[in-house]
Amino acid sequence: QVQLVESGGGLVQPGGSLRLSCEVSGRIFSSNAMGWYRQAPGKQRELVAAISISGGRTKYADSVKGRFTISRDNAKNTVYLQMNSLKLEDTAVYYCNLGPSMAVVTSSFGSWGQGTQVIVSS
């Protein structure tokens, strides 16, 4: 009943920018936080950023601080991830996660989308 659809991935050169979107639909009345995760080949899935839907509190991985920005548009039920100064190590499939609190989302216990691939290559 709850659906999450990621979009905006693609191929970019190092130093470039990309904006990801996660659109949510269905029965989401108990969902108050959303996050972005990524998984590179041969590596574990890791948290990139998270945001509180109601209050706007954010959390970022150390590897993306100062380069990535998470934001939300509550009227559109959409969360964005603006990625600047992209590096080769940012290459991964990026997933959206939805849950009732920041604690649930940052612990990867929420619902998942299908993912969108980001490739950074020179």
Handout entry: Pairs satisfying disulfide bond (SG atoms under 2.5 Å apart), at least one member in residues 84-122, at least two apart
Key = C22-C96

Handout entry: Test item: R38 side-chain N/O and A92 main-chain N/O as donor-acceptor pair under 3.5 Å
Key = no

Handout entry: Qualifying disulfide bond (SG atoms under 2.5 Å apart) pairs, either residue in residues 30-71, two or more places apart
Key = none

Handout entry: Sidechain-backbone polar pair: S63 side chain, A61 backbone, donor-acceptor under 3.5 Å
Key = no

Handout entry: Partner set under side chain to side chain donor-acceptor pair (under 3.5 Å) for E23, not counting sequence neighbours
Key = none

Practice task
Check for a donor-acceptor pair, side chain of T91 on one end and backbone N or O of V120 on the other, with a separation under 3.5 Å.
Solution key: yes

Practice task
For I70, check side-chain contact (heavy atoms from CB on, under 4.5 Å) against everything at least two apart and list the hits.
Solution key: W36, A49, I51, T58, Y60, V79, L81

Practice task
Please list, chain by chain and in numerical order, all residues satisfying side-chain contact (heavy atoms from CB on, under 4.5 Å) with R19, sequence neighbours excluded.
Solution key: Y80, Q82

Practice task
Could you tell me whether D62 and K65 make a salt bridge, using a distance below 4.0 angstrom between a side-chain N and a carboxylate O?
Solution key: yes

Exercise for the section: Starting at OG of S54, measure out to CE of M102 and round the result to the nearest 0.5 Å. Expected result: 10.0 Å

Problem - Backbone of I53 reached by a side-chain donor or acceptor of N74 within 3.5 Å - result: yes

Exercise for the section: Any chance you could pull the hydrophobic cluster mates of W112, using side-chain heavy atoms under 4.5 angstrom and chaining through other members? Expected result: Y37, L47, V93, Y95

